Amino acid sequence: MKKLLFLIFALIAFIPMARADKYTLDRDNLPVKAQEMITTYFPKAKISMIKVDKHLLKKTDYDVKLVNGTKIEFNNSGEWTSVDCKKKSVPDELVPKHIRRKVASSYPDATITRITKKSGGHIVGLSDGTELRFSLLGQLKKSSDSLDE
């Protein structure tokens with residue numbers, strides 16, 4: 001019976017440590033690469049929250065929310081994986097040239113408000129609600145009329 005109780009208490013104690021999220025405002029909790037990205041592309045923006053998301057195998061993700069509503073996700077090495085500027089435009093320098101050109105020619109009245117890096121390419125959200133998927137080679141793979149699909 002004592003062993004069973006010990007096992008139950010050990011599991012209860014281990015579960016929160018397995019996926020411990022930490023919330024902070026301190027930029028020093030971010031990898032240097034992530035700090036530099038925020039300083040370079042969002043120089044005047046203030047951070048409203050940083051969520052440090054630790055996973056089991058020492059992998060850590062960082063979710064940063066700026067006061068202006070922009071959300072930026074970083075992987076454990078500090079590379080951005082997603083930038084969502086809500087209604088504002090994503091800084092041009094973050095969007096590959098071929099994607100900027102395709103959006104400018106095919107959707108001249110829209111701006112890029114969201115971009116996500118995936119292993120197979122990029123997903124781009126436009127201000128008019130259109131979502132575009134690009135391959136690693138820059139080919140437009142798929143588009144949809146709504147981000148909610």
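As the structure is a prediction and not an experimental result, all values here were calculated from the model. Residue indices begin at 1 and follow the sequence shown.
Here the shortest heavy-atom pairing between S89 and T111 reads OG-CB, 3.3 Å. The two atoms that bring G120 and K141 nearest to each other are O-NZ, 4.0 Å, heavy atoms only. Minimum heavy-atom separation, P108 to S105: CD-O, 4.1 Å.
K51 places none of its side-chain heavy atoms less than 4.5 Å from the side chain of V64. Side chains of Y41 and I72 form no contact here, defined as non-hydrogen atoms less than 4.5 Å apart. Using a 4.5 Å heavy-atom threshold, the side chains of L132 and Y107 count as touching. Under the 4.5 Å side-chain criterion, counting only non-hydrogen atoms from C-beta, V103 is in contact with L126. Counting heavy atoms from C-beta outward, F42 and V83 have side chains that approach closer than 4.5 Å. You'll find the side chain of D109 stays beyond 4.5 Å of the side chain of D128, heavy atoms only. P91 has its side chain out of reach of I112: every pair of non-hydrogen atoms, C-beta onward, lies at least 4.5 Å apart.
With values rounded to the nearest 0.5 angstrom, Y62 atom OH is found 10.0 Å from Q35 atom CD. Atom CG of residue N76 and atom NZ of residue K59 lie 7.0 Å apart, to the nearest 0.5 angstrom. Atom CD1 of I47 sits about 11.5 Å away from atom OG1 of T70, to the nearest 0.5 Å. In this structure, L140 CG and S106 OG are separated by 7.5 Å, a value rounded to the nearest 0.5 Å. Interatomic distance, K44 NZ to N68 CG, rounded to the nearest 0.5 Å: 12.5 Å.
Scored by the side-chain hydrogen bond (donor to acceptor under 3.5 Å, both in side chains) test, D63 finds no partners at all (sequence neighbours excluded). T116 pairs by the side chain to side chain contact (heavy atoms under 4.5 Å, CB included) definition with S82, R114, K118, I123, not counting sequence neighbours. Under the side chain to side chain contact (heavy atoms under 4.5 Å, CB included) criterion, A34 pairs with L30, P31, F74, not counting sequence neighbours. With sequence neighbours excluded, no residue forms a side chain to side chain contact (heavy atoms under 4.5 Å, CB included) with T40. The side-chain hydrogen bond (donor to acceptor under 3.5 Å, both in side chains) search around S77 returns N75, not counting sequence neighbours. The side chain to side chain contact (heavy atoms under 4.5 Å, CB included) test applied to A104 returns no partner, not counting sequence neighbours.
No more than 12 heavy-atom neighbours from other residues, nucleotides or ligands sit within 6.0 angstrom of NZ on K65.
The stretch residues 29-38 participates, sequence neighbours left out, in these salt bridge (Lys or Arg N to Asp or Glu O under 4.0 Å) pairs: K33-E79. Among residue pairs with one or both ends in residues 85-105, those qualifying as salt bridge (Lys or Arg N to Asp or Glu O under 4.0 Å) are D84-K86; sequence neighbours excluded.
Between R133 and E131 there is a salt bridge, since at least one side-chain N of the basic residue sits less than 4.0 Å from a carboxylate O of the acidic one.
Under a 3.5 Å cut-off, the side chain of T39 and the backbone N or O of P43 do not form any donor-acceptor pair.
Taking the six-membered ring where the residue is Trp, W80 and H122 present tilted rings, their angle falling between 30° and 60°.
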